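Encoded as structure tokens, the structure appears first; notes follow it.
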Amino acid sequence: MSRYTASEIESKWQKAWEEAAIFEAKPDQDKPKYYVLEMFPYPSGKLHMGHVRNYTMGDVIARHKLATGHNVLHPMGFDAFGMPAENAAMASGGHPKDWTYGNIDTMVEQMKPLGLSLDWSRMFATCDEDYYGQQQALFLDFLEKGLVYRKNAVVNWDPVDMTVLANEQVENGRGWRSGALVERRELTQWFFKISDYSEELLSALDGLENWPAKVRLMQENWIGKSRGLQFGFKRTDGGEDITVYTTRPDTLMGASFVGISPDHPIAKQLEAESAEVAAFVAECRKGGTTEEAIETGEKLGYDTGIRVTHPLDPNWELPVWIANFILMDYGTGAIFACPAHDQRDFEFATKYDLPIIPVFEDPKAEGPLTEAYVPTKAEKVRYVKGFAGSAEQTGEEGVNTAVDKAEAEGWGEGVAKFRLRDWGLSRQRYWGCPIPVVHCDDCGVVPEKKENLPIALPYDEDGKPIDFSVPGNPLDRHPSWRDCKCPNCGKPAKRETDTMDTFVDSSWYFARFTAPKAETPTDLDAAKYWMNVDQYIGGIEHAILHLLYSRFFARAMEITGHLPEKSKEPFDALFTQGMVTHAIFENAERKDANGRTIYHYPAEVEERDGGTFVKETGEKVNVIPSAKMSKSKNNVVDPLAIIDAFGADTARWFVLSDSPPERDVEWTASGAEAAHKHLSRVYRIAAEAAAATGDGQGDDELLRETHKAIRDVSAGVESFGFNASIAKLYGFTNTLAKSKAGAKAKQEAAKVLAQLMSPMTPHLSEAMWDLLGGEGLVATAPWPVADESLLVEASVTLPIQINGKRRGEITVPKDMDKAEVEKLALAHEAVVKALDGGQPKKVIVVPGRIVNVVA
RNA sequence: GCCCGCGUGGUGGAAUGGUAGACACAGGAGACUUAAAAUCUCCAGGCCUUAGUGCCGUGCCGGUUCGAGUCCGGCCGCGGGUACCA
């Protein structure tokens, strides 16, 4: 009998699929279309287990849909712009383009053996001139519709390297290469007007029923709609009013001071006038630009000397402070602080000795405040300085009362604000899509003409490869690329040297897949046929930015005529898989030459003497469990080793089994071998069934078990319960192995087993199908349907509980009525004993489930 | 800091508010074999000098319920996001 040899089977059937071209997607009006998409990878050059898990899940869906009669689009590409390529060029020479395309070749080579049902003919990379040229065309169309504009924004600035840093390049407030303290600096940059769509992006979330609730909630919080009061504080020096926005106007009588952002116009004016203010503002601008850095950094304040009057009491003066934790981007960049009811204001007031005036009290509590009292808006509190007398109100009611009063008296108005800021897309980098505009001394900022697209990245500089060892953006110092003619007046002009955020690249690739070679960004007919993405699969780490930006882009593309109306929400269903995690191994004894932590690969370390050590040097290693697999942390497991040893089906089976798809999975090497053993066993069982002859017993029972397996495995596949499907397949395999049924019955059951396994282990299933005389390819054979009449059970076993604890069980006919079941239960030995002749207080009978006797 | 998620045996995990630990990994015992590998069968949450089907048990504390891993409140721990990583 032939043995299971994965390498032979897998190459044989991959070739068969390719020859039959069954995964090439062509529009077909006679079949329902199904577009399944996994988030495309960054071409790091190394396929890791997270990729394998992600693509295998998508492949299970795609293959199941193919078998259930759908016309499936299942494409793959690469999110190929971005900093790692430039970092690599800086670290070890070479060119980002060569590095990236080399990695893409490597990754395609690593992916092909997995046997994914991908339409490779549609593959592209976002760094293809063809792709980013179309992206430039989109940019120009957006510009024309007013969806793009320029304004100032802050970036992380490294004063030693004289370059902009990404947040990840800022470590503890210092530049990762230079070690210099990072500053916030303002540059003029391009922005997408995503904030115009705040309300729509928020309300449309309700329609995304097949998205995880947690992703919708995360986006809702991110968009951050709030209702509040906007009003002006009058300056005692006669200057222009300071407009503030507050979500808690009910605390206005507890106001202690007015705070403005260091980037507020008043602060900027003072900065120009006073060296002291300039020094303070400069201090505020030290540190990174991330929300986290600003929130967790030390709270700093500076009393400007400006005084304002309280809107409800002209004799009440409040000081105006510049505070480093106030963001210019949110609200009006100015607040009033009520330290009694805001923890941050409380700390600030305590530090700078400002008054703390309670507005309301906890109806249940007493004593002076030692920290801010911050009840939720739904909680009832007793107002002592509110707007509705001393009534007990919820915060919500208090806010409404305050807004009503302000509007009635005409000194303020209720407004809605959003946390969502416009999307800054400018990056001061080389390896990205050039922003297709020209700066002309006479005409200003001029869009490139579409016929001049693509504005391609220059590969050389004066005939030599671009030098990435010099700090700064190579495009900035590339005269022959930078110098151009104004598309408007024809005079000498200069190109924009900023490139686009890589999130732009990934915000429309799903649309490009529907017509990857079109000479416009999309082909509307193809988009109408294939869109929307029926099932999108990717990591939860993309829950906010990528998915929100794509939703915005789909709307912008609809407005500019590149997508149909129905594609405003481009992803009908979303599934967020968990991450594949793995322990990190940190060298505990030394750092690298730049003082940074050294991370070791799993293969480089060993466990001994109760510790973990580097094999070669014997250095001690700190083990940090369950961290996201990340290239920079060197905790990436190589799936190719498993494929080499056991074959792709084993790797696929293994990543789907055990862990539920939405949960993180900690990678451990053990288990892959066991998966392989199981697949070998399945192959052997199929081979035995194929060779079997004669009659047996229990054909009907095997048939019933087969149909149960069809029902349960199908349900698992349809609901992303792949681990549940696999558990059922184990069970069904055991049943088949032990069955005494006749040859014909066993062969039919084994064929069903091959079909049910085919989305997960497609090669093995083809081999089994072939062995058992199945017609054609199992990949295209119609998916089996469970016969309901075979699934009905005649009797059911009910547990009997006494006071909620299991004390026995009874087996009764499935349809026995409740009274009859109760009678039987009360006659049960354990119940009789427990009642000891008395009457039960209560008997609960849940048909088909349980009986609980309360004694 | 803020937002989101997760926490069940030695391990991965199962369980529409209804028998906690399905299915598997690692482990143990046995069968087959000259032997090994492979394969097959069985055992397996913890506790106890009472081995009962007894008590305890789903991160911790409390609540709702006839009944809570599941729902609610409060903690603790871990992970993700935090707008220039992708």
Side-chain angles (χ1 to χ4, degrees), chain A residues 39-42 44 79 81-84 87 153 155-156 164-170 189 212 214-215 217-218 220-222 224 289-297 325 329 343-344 419-429 501-503 505-506 539-546 548-549 576 578-579 581 625-628 630-632 657-660 662-666 668 670-675 677-678 680-681 684 723-724 726-731 734 737 797-809 830 840-844 846 848-855:
Chain A
M39 290 181 186
F40 65 165
Y42 180 80
S44 61
D79 191 13
F81 276 134
M83 298 208 320
N87 294 340
V155 294
N156 297 307
V164 172
L165 297 179
N167 287 329
E168 69 156 13
Q169 296 176 318
V170 181
Q189 310 203 48
K214 66 179 170 185
V215 173
L217 181 63
M218 284 165 89
E220 188 182 321
N221 288 330
W222 186 260
T289 59
T290 67
E291 189 183 307
E292 189 204 355
I294 291 163
E295 281 287 327
T296 57
F325 59 85
D329 290 313
Q343 191 59 33
R344 194 169 51 185
R419 203 183 80 99
L420 181 65
R421 314 201 292 255
D422 277 333
W423 170 13
L425 67 115
S426 298
R427 298 291 180 270
Q428 296 69 40
R429 315 239 159 240
D501 179 8
T502 55
F503 273 118
D505 312 333
S506 56
I540 186 70
E541 66 271 24
H542 294 290
I544 298 174
L545 293 181
H546 163 60
L548 190 62
Y549 290 158
T576 53
M579 286 172 302
T581 64
S626 280
K628 174 185 174 182
S630 158
K631 216 158 56 70
S632 61
S657 60
D658 289 357
S659 267
E662 68 278 9
R663 205 180 303 177
D664 289 356
V665 56
E666 168 87 21
T668 54
S670 65
E673 197 176 332
K677 268 189 202 172
H678 176 73
S680 304
R681 180 170 178 240
R684 199 168 53 242
N723 56 324
I726 284 185
K728 297 292 176 192
L729 284 166
Y730 271 109
N734 287 335
T797 300
L798 298 180
I800 296 183
Q801 293 185 336
I802 296 164
N803 295 332
K805 295 197 182 225
R806 185 177 181 277
R807 286 292 184 265
E809 60 183 37
K841 286 206 188 84
K842 198 172 175 183
V843 180
I844 293 123
V846 183
R849 277 288 175 192
I850 203 165
V851 181
N852 189 12
V853 179
V854 185

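Values in this document were obtained by computation on a predicted structure and should not be read as measured data. Throughout, protein chains are lettered first and strands after them, A, B, ... in sequence-line order, and every chain is numbered starting at 1.
Listed nucleotides: B/A83, B/C23, B/G13. Nearest to the side chain of A/L545: B/A83.
We find that CD of A/Q428 is positioned 8 Å from C1' of B/C84, with the value rounded to whole Å. A/I800 places its CD1 atom 18 Å from the P atom of B/G18, with the value rounded to the nearest Å. Counting to the nearest Å, the P atom of B/A24 and the CG atom of A/D658 are 11 Å from each other. Protein atom CG of A/N723 is 10 Å distant from nucleotide atom C1' of B/C23, rounded to whole Å. We find that CG of A/D505 is positioned 14 Å from P of B/C85, with the value rounded to whole Å. If you measure from atom CD1 of A/I850 to atom P of B/A15, you get 17 Å, rounded to the nearest angstrom. Summarising the geometry, the separation between CD1 on A/I294 and C1' on B/C84 is reported as 14 Å, rounded to the nearest angstrom. Rounding to whole angstrom units, NE2 of residue A/H542 and C1' of B/G81 are separated by 11 Å.
Under the side-chain hydrogen bond (donor to acceptor under 3.5 Å, both in side chains) criterion, A/N87 pairs with no residue at all, not counting sequence neighbours. Remark: A/R807 pairs with no residue by the side-chain hydrogen bond (donor to acceptor under 3.5 Å, both in side chains) rule, at least two apart or across chains. With sequence neighbours excluded, no residue forms a side-chain hydrogen bond (donor to acceptor under 3.5 Å, both in side chains) with A/R849. Taking A/R681 as the reference, A/N734 meet the side-chain hydrogen bond (donor to acceptor under 3.5 Å, both in side chains) condition, with sequence neighbours excluded. The ring-ring contact (aromatic ring centres under 6.0 Å, His included) search around A/H542 returns A/H546, not counting sequence neighbours.
Contact between A/M83 and A/E168 at its shortest, heavy atoms only, is CE-OE2, 3.7 Å. Across A/D79 and A/Y42, no two heavy atoms sit closer than the pair O-CD1, 3.0 Å. The minimum heavy-atom distance between A/P840 and A/V853, with the atom names listed, is CB-CG1, 3.8 Å. For A/V164 against A/Q169, the heavy-atom pair with the smallest separation is O-OE1, 4.2 Å. Across every non-hydrogen atom of A/A166 and A/R429, the tightest pair is N-NH2, 3.6 Å. Nearest heavy-atom pair, A/S506 versus A/F40, reported as atom, atom and distance to 0.1 Å: CB-CE2, 3.7 Å.
When the side-chain nitrogen and oxygen atoms of A/N167 are compared with OP1 and OP2 of B/A83, one or more of them lie within a distance under 4.0 Å. One finds no side-chain N or O of A/S659 lying less than 4.0 angstrom from the OP1 or OP2 phosphate oxygen of B/G12. The side chain of A/N734 contributes no N or O atom lying less than 4.0 Å from OP1 or OP2 of B/C23.
Heavy-atom distances to RNA chain B give each of A/T290 and A/P41 a nearest nucleotide, and the one nearer the 5′ end belongs to A/T290.
Helical stems in RNA chain B, defined as runs of 3 or more consecutive Watson-Crick or G-U wobble pairs with both donor-acceptor distances under 3.5 Å, are listed by first residue as B:1-7 with B:76-82, B:10-12 with B:23-25, B:27-31 with B:39-43, B:45-47 with B:54-56, B:59-63 with B:71-75.
Here, B/A15 and B/U58 have their C1' atoms 11 Å apart, quoted to the whole Å. Using atom P as the reference point in both B/C56 and B/C48, the two lie 16 Å apart (nearest Å). Separation of the C1' atoms belonging to B/A14 and B/G52 is 29 Å when rounded to the nearest angstrom. Distance noted for atom C1' between B/A86 and B/A68: 41 Å (whole Å). B/U82 and B/C60 have their C1' atoms separated by 29 Å, with the value rounded to a whole Å. Here, B/G21 and B/C43 have their C1' atoms 16 Å apart, quoted to the whole Å. Rounded to whole Å, the separation between the C1' atoms of B/U70 and B/G18 comes to 11 Å. As rounded to the nearest Å, B/C42 and B/U49 have C1' atoms that lie 28 Å from one another.
Base orientation of B/G9: syn, the glycosidic angle falling within 90° of 0.
Although no hydrogens or angles enter the test, the distance criterion places a donor-acceptor pair under 3.5 Å between the side chain of A/N852 and the main chain of A/G804. For the pair A/N156 (side chain) and A/T289 (backbone), a donor-acceptor distance under 3.5 Å is present. A donor-acceptor contact shorter than 3.5 Å is absent between the side chain of A/R427 and the backbone of A/D501.
A salt bridge does not link A/E662 with A/K214: every distance from a Lys NZ or Arg NE/NH1/NH2 to an Asp or Glu carboxylate oxygen is 4.0 Å or more.
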What are the atom names and distances for every N/O pair under 3.5 Å that joins the protein to nucleotides 27-29 of chain B?
none

Pairs under 3.5 Å (N/O, protein and nucleotides 36-45 of chain B):
unit_1: B/C40; atom_1: OP1; unit_2: A/R681; atom_2: NE; d: 2.8

Grab the N/O contacts between the protein and nucleotides 52-59 of chain B below 3.5 Å, and write none if there aren't any.
unit_1: B/C56; atom_1: OP2; unit_2: A/K805; atom_2: NZ; d: 3.4

Report each atom pair, protein N/O against N/O of nucleotides 72-75 of chain B, whose distance is under 3.5 angstrom.
none

Give me, pair by pair, the N or O atoms of the protein and of nucleotides 61-70 of chain B that are less than 3.5 Å apart, along with how far apart they are.
unit_1: B/C66; atom_1: O2'; unit_2: A/N852; atom_2: ND2; d: 3.4
unit_1: B/C66; atom_1: O2; unit_2: A/N852; atom_2: ND2; d: 2.4

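When heavy atoms are screened at a 4.0 angstrom cut-off, A/S506 is found touching no nucleic acid atom at all. Within 4.0 Å of A/G82, counting heavy atoms only, lie sugar-phosphate atoms of the nucleic acid but no base atom. No contact: A/G297 has no heavy atom under 4.0 Å from any strand. Within the nucleic acid shown, A/F325 has no heavy atom closer than 4.0 Å to any nucleic acid atom. Using a 4.0 Å heavy-atom distance criterion, A/Q189 is classed as a base contact.
For the atom pair CD (A/E809) and CD1 (A/I850), the distance works out to 11.5 Å, reported to the nearest 0.5 Å. Taken to the nearest 0.5 Å, the CG atom of A/L165 stands 10.5 Å off from the CD atom of A/Q428. Separating the CG atom in A/L729 from the NE2 atom in A/H678 is a distance of 7.0 Å, to the nearest 0.5 Å.
Ring geometry for A/Y549 versus A/W423: interplanar angle under 30°, hence parallel rather than tilted (30 to 60°).
The shortest side-chain heavy-atom distance between A/L420 and A/L548 falls under the 4.5 Å cut-off. Using a 4.5 Å cut-off on side-chain heavy atoms (C-beta onward), A/L425 and A/F503 make no contact.
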* After noting the C-alpha distance and the side-chain angles of A/I540 and A/V215, does the key distance pass the side chain to side chain contact (heavy atoms under 4.5 Å, CB included) rule? -> CA-CA 8 Å; A/I540 186 70; A/V215 173; 3.9 Å; yes
* **Nucleotide-resolved protein contact map, nucleotides 1-9 of chain B, B/S/- at heavy-atom distance under 4.0 Å** => B-SSS-S--
